[in-house]
Each structure stands twice: as structure tokens, then as C-alpha cells.
Amino acid sequence: MAELPKTYEPSAIESRWYAEWMARGYFHADASAPKAPFAIVIPPPNVTGSLHMGHALGQTIEDIFTRWRRMAAYNAMWLPGTDHAGIATQMVVERELKAKEGKSRHDLGRVEFEKRIWDWRGRMGDRILDQLKTLGCSLDWQRTTFTMDPPYSAAVIEAFVRLHEEGLIYRAKRLINWCPSCRTALSDLEVDYDEGVQGELYEFAYPLADGSGEIVVATTRPETMLGDTAVAVHPDDPRHQSKIGKTLEHPFVDRDIPVIADAILVDPKFGTGAVKVTPAHDLNDFETGQRHKLPMISIFDEAGIVNAEGGEFAGLDRFKARKAVKARLKELRLERGSKLHLHAVGHCQRCETVVEPMLSTQWFVKMEPLAKPAIEAVEQGKTKFVPESWSKTFFHWMYNIRDWCISRQLWWGHRIPVWYCSKCKEMTVARATPNFCGHCGAGGDALAQDEDVLDTWFSSWLWPFATLGWPNETRELKTFYPTTVLDTGYDILFFWVARMMMAGLHFMKKVPFRTVYLHTMVTDDKGEKMSKVKGNTIDPVDVIQQHGADALRFALAWLTTPAAQGKNIKFSISNVEDARRFANKIWNSARFVQMNLEGYDADRFADQVADGPDRAELDLPERWILSRVQRAAEEVDTALEEYRISDAAQAAYHFVWNELCDWYIELAKTGLQRAAPGTEARLKIQGALVTALETAMRLLHPFMPFITEEIWQQLPKGSGAPQSIMITLYPVRDVRFYDDASESSMALVQKVIVAIRAIRGEKNIPGPARITVLLAVTDDYKKTILEGYKQIIAEQGRCSEVRVRRSGASFSGEFSLDNTAMLMAGDVEVMVPLDGLVDADAERDKLHKELGKVKTDCDYLTKKLSNAKFV
RNA sequence: AGGCGCGUAGCUCAGUGGUAGAGCACUUCCUUGACACGGAAGGGGUCGGCAGUUCAAUCCUGCCCGCGCCUACCA
């Protein structure tokens, strides 16, 4: 066996093992395997994506769960894939097209542009999946799915057609969120609101047509007055009551505007108490327009440019039009004032353009009937949220759910399966391109497919079952649906999780997952969101190269506490460095074990301990560490079951570092010195070392798959051992090795040793000096224990002699206790006679010197501080 | 506006109705054959504030202060 290098070098090991695991097919789960299923579907990253810390966190968590359950003999399946990410991908390719060829997608046309995106995907796509491999993710690659794969697309179309047949999808002209830059409709969720933008509340007057005066309105968007079709006042407002029913003159367009009374829209305390009503460009105004049957006049085209309805302002962009309208109002002496006003402005989630509410014909999903079963399922505990508090957020959104605008004016995505007949103007909804109109029978030439595609989330909400073959009744669905746990960031609770709940219950009649584990967001160490613009990103790919995937994974696991609302993981590279130190510690503990294995026989040791430590006649340190490793196993396993990932990681860390390394290896060193090669005593120590380390490697494997495999492979194993740590059994408590008596004995011994070391430290007893230690105990039981393990105490405390007495019994006659240091170890008095150990004069000199130096420093600093100029 | 959550060591965060914890940082000492990416020993906290319940409150209750997140609205 080659000796391990002194420092752990992850890069040498990681890629080798990943390839090996792949080759041996360990990642694949057979849907027919007679084992309890455990399934996770990956939140599919965008095909445009590159691995960022958020992915690294999620995938680490998912891999921990998957490897852990796989080792616990579950049929563990973790399904990979990517999302076509409509807007995001289209934007990336359009940008590239512009940069390289100076062309827009319209220059290419739809067919050619779609081809370019597929080309792009061929070149760049799935890079993120390769990056997941470097992270060590044990994904079932044979099941990799892309949301635009033909079978998946068929599932998307199937879902659309079924919902349409059921009357849950409809087409309507409604006020929707429009991005003038992306030139597409957006759902409510895709609009982000910047809180507290400083804006202007601008006031201007509409003259009454009869010349009897004017009404002053207040608005943050003066340009929309071009589309005003009413001015509303509160019916009870004495200032305006007389004007209700009168007509106003529009200064720029040939249109008379009624003054209407509306108690819902108007808050008489705000602004001037009169509200201009633009039904085509504001949601509240739209609803007001419906109540009062007002005309709805769209004044912008799809790029946000004023159209012909805007008269003299036609052709101006929204924001230029605002200035122009204000300027003209001023000229006409209709401007009445202006105030600063804090308000929120909606931006496109993708391109940050200010969203324009527009009147538009779009496709919608009726959500209320879908939401109801999902709410019930969570209420009944069919799906549980971890942390539980998120279910409240879920309920709140679900109870107030609004219809979902699913059509997008994009070219990249699943095209809406609806055809319009040029003859009879009816539409046909079909799973495949129809040959004739379903209404008038006109031939295929008369039919034109809807130009729009579906919202990306309309495909991802089918992910947990469409990836498993739906709508076919597959073996995969039978085995792996419902999936066991869904892990994702809480930011897509509504976008994705809630919608999957609805789709799963609707199409599969079962919840899509039993547990939703919501993890936090990763930010930089100051709590700022990582972004390329800010330059505060930490690239997981770089981190892996520098410190290894294991270190990154362990750092993330360590930080993964339940996702309390409003909290995030403040991540810094020092977290990874800490984890790397841990990896190095593990590595060196393995080196120690390996250096002391001469003559070890794994099978013989296994035989000896087959019936537990009593029959094997193990000594205290061995009994202790074998008991402690069971406690650690129980702690880690329980923590994982309860989704306490950080607790699990910390329990394993604590065991390895503070028990195995700090104590047991130290005990084993002297134990091995005492036990001659080839003896039973030596075999027992070697066995305990190997067992504790091997168990720790299995415990840690889900967190740090590479280093644990590497070390595990090098450890001696009994005959018939599996070929890889990946397919060993996860440690669960083995009560045969629980040994309360040994643990409490050892705890006492440890306390005494710590006290002795403390005395040595305090009294500056030189390291090599052997000291005499006197222990006074309160009862015979403790006396027996300490007598029994005197040798260990002496070795660890560097004592030449350890004597134990009942307290009260005098040591007089044996030692002069005049010059003795004493410390309590629990209720044990630990005494160290200092005569001859500490040279009192030398000690005094040393202290004097120190005092002198401190005084000098103090004087110097006092002087410095009393210098006014310095301060 | 409504909802959720947070405030504990210098920093990042666990935690509990009964003597307050971890990692990092800090101080002192130590190159001993696993590891200086290490070891040993330490220092450091009125558990945001005030009041209440209790034999006992960091934990429960109320109010206040500070911070974060979400949803809706904002002419």
C-alpha cells in the first residue's frame, strides 16, 4: 500500500472517482428494483446557466439526501435535466446574434432563429450538467430530461389540451403586464417591484367643457392622459360633487371625458381627490372602466411607443412622451403642480425594463379550481414543508391566487397548440397539427397556428411526472411518483413549487412530493446578493478547482440550517478553507491509521467483536471510541431524517476531530507502543482505529463523497466487502457497541487529564517534565476507575506517578502539600506538588521581566494618548 | 397596509423554562513519528429594551426599538 501524501490533494482524486462511479452504473436506479423508492427531481437549471453558488447549495443538499438514502438501501433516484427557459435563453441568443452578426431575430425569421437557438444549445447547453459532475452529484444521467425534448413537449401540449377541454384554459382580452423590451406578456410573478422609488406626483387640469372651471388630477404618469377616458371623483367629496356627470375637454385629442363618481378607485384624501382614468394602461383604471363601461384606448404599441391614438405625440417613446406631454400642458397653462412621491415601479424580471400594463389578448389558466386541492393536500399533511413555517406563505398566496397568463410573445418555447381558421374564424385546439378546421372543415391551408409560445413555467410545473413518462403510464411513474422530497430555494415557491402541487394533483391525482425542503439563498459574507454586476460572486467551479468539491460541499452543508424567512447563508471563501482543513484532518487521521496497520487482520477482528465488546475483552479506549462512533452515527442519521443538515455535518465533524483525532488516536499511540506487533492487544487497537475511521467515512460520504471513497478504498476490509463506499450501508446505531459505563468512565478520565494539563499550563511546567499527580475522589467507584486507568492518565498528562485516595484521607507523610497546585475535575481534586518543578526564582524573574515590559508599553501608550496632536 | 421571520461571544450562527454552545477570530505555550491546513490551555456574553406570568425567563405573554423577507397596493 502506497503511503498517503502528507497533505490532501483533492484534484488528484475527484475526477478519477466520479468516472469510476459512472462506469459502474452506481447512479442509475432501476424502476423495477424491489426496494423502497426514494426520488428527487432536480430543479432544472436554465440551459443558458452556469453553476452558481445557489445551484451548488441545492445540488449539495440533494446529493446528500440521495447518497444517504441510497446507502440506506433505498432505490434512490435523482433525476437531472435542464429547462429551456424561454425568455432567458432567447435573450442570450439574440444578444449573441446582435453582437456577432448585427442582426435581430426578425432579420432571421422564426424558423431560422429557432434553429440558431438549437445550435447554441448544442454548443453551450448542458455545460451546467458537466459542472454538476465536478460537484460529485450522483444524478441518474440516463434519465436526463430537457423541457423541449419531444416526449416532454408532447406532455406540455397534452396538459394544455386537457386543461382547455376542461374549461380551465381560456383566451381573453385583459390587462396584462407587458415588457416593451422583451415584447411579450409576463405573468404577475415575473414582475419585480422596486420598493420606494422616488417619483413625481404631477398635477394638471382638465377644463370643463362648459367653461365653468376645471378639475385638477394628480398622476405619476402624465403621458397616459392620452388614453384617459374619464376622470373619477369620490361621490361624497364636496369639492367635486357638482362636477359629476359633466364633461371635460381633452387638450390634445378630440375626445370628451366624463367626470364619474367611483368610491372604489378614489381615495378623497390622496392627491387632488380626482383621478384620471386610463383603462388600457392601469389595472385599477381597467377595473373602473369595466364598472363604468368606459372606452379602453391603448396608446402604446408593443415597444412602448405612442401610437396614432396619441395624436401629436405619436411616435414618441413612453418616457419621451411624458416630458413632451408635460411641456405642452405647461404651454397651455394646465400644469398645476408637482410633488415628490415615493412609489413602486414594476420591472421585467429578465431585462429590468419598466413593465407596461397593456390591454392584450392572451391565454390564461383558471387557477382557483387548481389551487383548492393543493391547499387541501398541504392542510392534510400530504405534503409537508420544511421548515414548516413556509406553508403559511404558501397558503396566503394560494388563497389569493389569480389567473395565470401563460402565453408569451416569444419564439423559443412550446408553441400554443391552437389553430385559427381564416374561413370561419373559429379556433381548433389539437395535440397535433390538424389537417382541417374542426368547425367548418376548411383545409389545412386555411389554418394558422397561434404565434405565441407558453410560459416556461407551464412546462416546469409538470416536471415531477413529465420527466417520468407522463402521459403514458410508465413503470417509472409507478415507482418514483410521488417523489419523496423536493429541494429548492424559497424564491421559486410560487413560480414552481405551488404550481407543481397544482399540476401534480390535477393530472396525477396525487401530490408530486411528500416533503418540500426549502433552502435559503446564498449571499456574500455581507449579506449582499451575489451578482456579476456587483462583482461579489464566488464561482463554485473555481472553488472546486482550488479547494475540492468535498470542501465546498461540506462548507455548504455546515451552513445549511432551516431556511428561516428573511435569512440567508452568508458565504465566504473562509468557510471553504475551514472545510478544507477538515478534509486535511481526515486525510491525516487516515494516514495515521494506515501507518499502524502492520499485521492487522480485518476478518479476525470482525470475529472478535461479532458479539460485542464484552466478549472481545476490549480495553476502555477501544470500548469508548466504538461506543462514541455509534452515538455519532445515530446523531447524524437522526439529523438527516429531520432535515437538519448542518447538525448532521457538525455531528460528524465533532466526532472525527474532537473524539477520534483529539482523543482516541492519542490514546492509541501509547496503546500501540505498549502492544507488541502481532499481539491480540495490538489487533484490538488496530481494529478500533479501522472501525471508527471506516464508519466515519461512511457517515461522511454523502457530504464528502470523494475523500471518503479514497480513504475507504485504502482501508483494510474483511472478505466480501463491497467495491465502493457508495454501495456500502449507511451507519445506523448498532446497540451492541453502546457502552454507557465506558463512556462515563472515559469522561471522568478525560476530565482529570484536562485538569492536569490546565495546571501544567498555568504553572508553566515545562513540557518534558514528568510530574506527580494526586487525585482525591469522593467515592470508591470513582477511585476504582481512576486507579484502573492511572496509566492512561499518566501518559496523557505526562505524569511519572498518579496516586488516588478517598478525599479526606491524607496524603501527608507522602508529600508536602505546601507548594501544590489544585484544580477540580468535577468532584475530583487534582493536585500537583510543585516542589522542584517550578524554579520559584526563575519564575519570579520571568514575571518581573514581563511586568517591566508591560509597564514600559503602558507608559509609552499613555504618553502617546496624552499627546493632543496624536489624538 | 397585511403576513412571516430575525436580534445570543469580535464575526457567522446553533440552542434550551433550571450553571449559556459551535466554527472562525483572539491570548499564552508547544515543531513530540498522522496532520502547524496541527496540538494543549485560556479570555470573551445583563442571550435587543421594558413590563408581566413563574419558585425560576435568554426561552412563555404583551408592548417598544432595530433589521430582513414575502404578498397586495401606491392617481
Side-chain angles (χ1 to χ4, degrees), chain A residues 3-4 6-8 188-189 193 195-197 199 201-203 217-222 224 228 231-232 265-267 270-278 282-285 288 341-345 387 389-390 392-393 395-397 399-400 402 490-491 493-494 520-521 525 527 547 551 555 558-559 561-572 574-575 577-596 644 646-647 649-650 653-654 657-658 661-662 665-666 668-669 673 689 753-762 764-768 796-798:
Chain A
E3 194 183 309
L4 298 170
K6 211 168 168 179
T7 302
Y8 174 56
D188 296 331
L189 284 175
Y193 287 91
E195 207 56 52
V197 172
L201 191 62
Y202 179 84
E203 292 174 5
V217 294
T219 178
T220 53
R221 301 198 52 196
T224 59
D228 282 358
V231 166
L265 180 68
V266 183
D267 171 4
F270 190 91
T272 61
V275 186
K276 58 188 275 310
V277 183
T278 323
D282 180 279
L283 184 64
N284 290 307
D285 292 5
T288 308
H341 178 60
L342 218 57
H343 65 141
V345 179
S389 60
W390 285 101
K392 282 187 189 166
T393 311
F395 287 136
H396 184 257
W397 190 69
Y399 277 121
N400 297 292
R402 297 201 284 178
Y490 62 76
D491 55 332
L493 177 59
F494 306 138
T520 49
M521 301 294 111
D525 54 353
H547 301 280
W558 181 282
L559 295 169
T561 51
Q565 307 212 333
K567 284 222 141 189
N568 43 38
I569 292 179
K570 290 182 184 131
F571 187 85
S572 112
S574 73
N575 297 123
E577 288 162 359
D578 297 343
R580 193 196 164 121
R581 272 195 285 278
F582 179 48
N584 196 58
K585 188 74 180 173
I586 296 170
W587 186 253
N588 278 289
S589 69
R591 277 194 351 124
F592 174 81
V593 172
Q594 202 192 39
M595 286 171 182
N596 289 286
R644 291 181 288 112
S646 175
D647 286 352
Q650 294 194 32
Y653 175 97
H654 180 260
W657 204 310
N658 302 117
C661 293
D662 288 350
I665 286 182
E666 291 309 312
K669 280 178 188 171
Q673 271 167 24
L689 280 169
I753 292 167
V754 167
I756 294 169
R757 288 171 178 167
I759 290 172
R760 297 188 71 114
E762 269 172 40
N764 283 318
I765 297 172
Q796 298 301 317
R798 292 167 182 265

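Chain naming here is simple, since letters A, B, ... match the order of the sequence lines and numbering starts at 1 in each.
Closest to the side chain of A/D647, from the set B/A14, B/A72, B/U12, is B/A14. Among B/G39, B/G42, B/A40, the nucleotide with an atom closest to any side-chain atom of A/K585 is B/G39. Proximity note for A/T393 (side chain, C-beta onward) versus B/A36, B/C70, B/U71: the nearest is B/C70. Side-chain atoms of A/R580 lie closest to B/C37 of the nucleotides B/U32, B/A14, B/C37. Residue A/A758 has its side chain nearest to B/A41 when only B/G39, B/C6, B/A41 are considered. Taking only side-chain atoms of A/S589, from C-beta outward, the nucleotide of B/A14, B/A34, B/U71 with the closest atom is B/A34.
Under the Watson-Crick or G-U wobble criterion, with both distances below 3.5 Å, B/U53 has no partner in any strand shown. The nucleotide B/A1 finds its pairing partner in B/U71, both defining distances of the Watson-Crick or G-U wobble pair being shorter than 3.5 Å. Using Watson-Crick or G-U wobble geometry with both donor-acceptor distances under 3.5 Å, B/G43 finds no partner in any strand shown. Judged by Watson-Crick or G-U wobble contacts below 3.5 Å, the nucleotide B/G23 has B/C11 as its partner. Nucleotide B/G38 has B/C30 as its partner under the Watson-Crick or G-U criteria, with both atom distances under 3.5 Å.
Put simply, the side chain of A/K669 and the base of B/A34 share a donor and an acceptor less than 3.5 Å apart.
When heavy atoms are screened at a 4.0 angstrom cut-off, A/V754 is found touching the sugar-phosphate backbone but no base atom.
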Expected rows: protein N/O vs nucleotides 20-24 of chain B N/O, under 3.5 Å:
none

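A close approach under 4.0 Å does occur between a side-chain nitrogen or oxygen of A/K6 and OP1 or OP2 of B/C35.
By the 30° and 60° cut-offs, the orientation of the rings of A/Y653 relative to A/W558 is perpendicular.
Residues A/K567 and A/T561 bring no donor and acceptor atom of their side chains to less than 3.5 Å of each other.
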